[in-house]
Protein chains: 2
Amino acid sequence: MSVQGFSSRTDRMLDRADAVCLRRGSRLTDLRRQVLGLVLEAGRPVGAYDLLDKLRTGHKTAAPPTVYRALDFLLEEGLVHKVERLSAFVGCLHELCEEDDGCGHDHSGSHTAQFLICSGCGSATEIDDPSIHASLAAAARRAGFKPHKVTVEAEGLCSLCSAATAARPAARAHG
Amino acid sequence: MSVQGFSSRTDRMLDRADAVCLRRGSRLTDLRRQVLGLVLEAGRPVGAYDLLDKLRTGHKTAAPPTVYRALDFLLEEGLVHKVERLSAFVGCLHELCEEDDGCGHDHSGSHTAQFLICSGCGSATEIDDPSIHASLAAAARRAGFKPHKVTVEAEGLCSLCSAATAARPAARAHG
DNA sequence: TCGATGCTGATATAATATAACGATCGGCCA
DNA sequence: TGGCCGATCGTTATATTATATCAGCATCGA
């Protein structure tokens with residue numbers, strides 16, 4: 001059971017994650033569930049040591065390996081992604097979001113992630129554009145390269161920050 | 001002047017880099033030239049502290065900021081790229097390679113990089129696929145996102161390693 | 001000459017990630 | 001039942017990557 005109270009939305013996503021793991025014969029332990037919950041609640045890329053701090057509020061003994069091991073598991077299962085440019089982690093909404101039920105993607109084992117990272121507000125929006133994926137797959141094939149894990153990251157300004165910056169050049173964040 | 005002897009190929013690339021900087025009004029100082037030379041000679045992604053070690057053979061006093069400042073400059077000028085997945089740096093062949101004279105790409109200020117990273121032999125091949133670029137630009141536009149720096153990294157097996165692995169599963173490297 | 005700017009030297013420290021070893025828990029099967 | 005085994009986690013220590021800060025020095029233009 002969770003020591004911390006997560007939002008009901010997060011809890012539903014955790015239950016989905018649980019089901020996914022069950023189906024695959026892997027175990028979403030309390031600790032892993034806790035870490036995944038923290039990542040999901042953050043709603044933005046969050047660093048391992050930030051997670052560690054939060055984890056410690058309900059788990060005094062946690063140390064770096066505690067959170068890194070949990071993250072390794074979650075990455076392996078495709079439940080979270082790492083944003084390389086930020087050395088930070090985000091939940092994979094395509095796996096866990098109820099709104100995305102019918103998107104048809106199967107992320108299991110593909111380990112591919114595409115992000116639009118806003119340097120204004122720090123958000124990272126996961127896109128999963130089939131045409132980017134296809135172009136990359138084609139280029140790899142031409143090179144005789146067999147891709148295993150693929151990272152696509154664009155850093156720039158989201159629409160809100162871009163509008164805000166146009167209005168007042170010193171703007172740092174929106175909502 | 002270089003303290004270390006670089007290959008004549010590297011020297012030619014350094015001269016090109018010098019010309020590029022001159023054209024832009026930036027300065028490829030001895031130190032920066034030295035660091036760029038080390039990156040180019042490596043011929044594969046190389047970590048900042050590896051560079052530091054090499055730099056120290058001819059420059060006893062070098063410290064981390066020495067190499068990071070040089071790398072920041074080189075990144076800004078598009079003369080090297082950072083491979084995020086490896087926290088390592090490679091020369092941008094499209095800027096510096098004589099063979100690529102007529103490729104028509106203008107990388108200046110675009111800060112985009114696409115790599116095929118082989119986990120077998122540690123090579124990182126820069127591709128610069130226009131269709132990947134176009135797909136990404138289109139996806140960003142649809143999201144109202146203005147990309148500034150773009151990273152595309154596929155980790156997997158290059159053709160040589162893939163062949164070697166098929167032949168003898170324990171293989172680690174080719175040539 | 002003066003100040004502004006850009007580059008480097010040098011020390012210290014922050015931030016991110018892993019190694020290594022032992023303890024515990026559960027399942028599995030002789 | 002008892003013992004083995006693999007998976008998970010606790011704990012300490014350390015490795016790796018990156019930045020902050022301040023001082024010195026050169027260059028350039030006013």
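Note that the coordinates shown come from a computational prediction; the quantities given were computed from them, not determined experimentally. In what follows, chains carry the letters A, B, and so on, assigned in the order in which the sequence lines appear, proteins first and then strands, with residues in each chain numbered from 1. Only this structure's heavy atoms are used, side chains among them; waters, hydrogens and symmetry mates stay out.
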Notebook entry, point to check: Does any pair with a residue in residues 80-90 of chain A pass salt bridge (charged side-chain N to carboxylate O under 4.0 Å, His left out), and if so which ones, sequence neighbours excluded?
Noted result: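 Qualifying pairs: Arg85(A)-Glu155(A).
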
Next item on the list: Please answer whether the main-chain N or O of Phe6(A) pairs with a side-chain N or O of Thr10(A) as donor and acceptor at a distance below 3.5 Å.
Entry: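 A pair under 3.5 Å: no.
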
Next item on the list: Would you check if the side chain of Arg44(B) reaches a backbone N or O of Cys121(B) as a donor-acceptor pair within less than 3.5 Å?
Entry: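 Such a contact is found between Arg44(B) side chain and Cys121(B) backbone.
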
Next item on the list: With DNA chain C as reference, determine whether Phe73(B) or Lys60(B) sits nearer its 5' end, using the nearest nucleotide of each.
Entry: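 In this pair, the answer is Phe73(B).
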
Polar atoms only, N or O, under 3.5 Å: list the protein pairs with nucleotides 16-20 of chain C and their distances.
{"residue": "dA17(C)", "atom": "OP1", "partner": "Lys82(A)", "partner atom": "NZ", "Å": "2.6"}
{"residue": "dA17(C)", "atom": "OP2", "partner": "Tyr68(A)", "partner atom": "OH", "Å": "2.9"}
{"residue": "dA17(C)", "atom": "O5'", "partner": "Tyr68(A)", "partner atom": "OH", "Å": "3.3"}
{"residue": "dA17(C)", "atom": "N7", "partner": "Tyr49(A)", "partner atom": "OH", "Å": "2.5"}
{"residue": "dA17(C)", "atom": "N6", "partner": "Tyr49(A)", "partner atom": "OH", "Å": "3.2"}

Mind calculating the distance between [atom1] ([X]) and [atom2] ([N]) to the nearest angstrom?
X        : N       : atom1 : atom2 : value
Glu84(A) : dA15(C) : CD    : C1'   : 16 Å
Asp53(B) : dA15(D) : CG    : C1'   : 14 Å
Leu75(B) : dA18(D) : CG    : P     : 10 Å
Glu76(A) : dT8(D)  : CD    : P     : 12 Å
Arg56(A) : dG10(D) : CZ    : P     : 12 Å
Leu55(B) : dG9(C)  : CG    : C1'   : 13 Å
Leu74(B) : dT8(C)  : CG    : P     : 10 Å
Leu71(A) : dC9(D)  : CG    : C1'   : 15 Å

Should [X] be listed as having a side-chain N or O under 4.0 Å from OP1 or OP2 of [N]?
X        : N       : result
Arg32(B) : dT8(C)  : yes
Thr66(A) : dT11(D) : no
His59(A) : dG10(D) : yes

Notebook entry, point to check: Which pairs count as side-chain hydrogen bond (donor to acceptor under 3.5 Å, both in side chains) when at least one residue sits in residues 137-146 of chain A, sequence neighbours excluded?
Noted result: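 Sorted result for residues 137-146 of chain A: Arg142(A)-Asp129(B).
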
Checklist line | Those residues that, when tested against Arg23(B), pass salt bridge (Lys or Arg N to Asp or Glu O under 4.0 Å) (two or more places apart) | finding: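 Arg23(B): no salt bridge (Lys or Arg N to Asp or Glu O under 4.0 Å) contacts found.
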
Margin query: Restricting to salt bridge (Lys or Arg N to Asp or Glu O under 4.0 Å), what partner residues turn up for Asp53(B), sequence neighbours left out?
Written below: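 For Asp53(B) there are no salt bridge (Lys or Arg N to Asp or Glu O under 4.0 Å) partners, ignoring immediate neighbours.
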
Item checked: Selection from dT8(C), dA10(C), dG6(C) that lies nearest to any side-chain heavy atom of Leu31(B) ->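 Of all the options, the side chain of Leu31(B) is nearest to dT8(C).
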
Can you give me every donor-acceptor pair (side chain of residues 62-69 of chain A, partner residue at least two apart or in another chain, under 3.5 Å) with its distance?
{"residue": "Thr66(A)", "atom": "OG1", "partner": "Ala63(A)", "partner atom": "N", "Å": "3.0"}
{"residue": "Thr66(A)", "atom": "OG1", "partner": "Ala63(A)", "partner atom": "O", "Å": "3.1"}

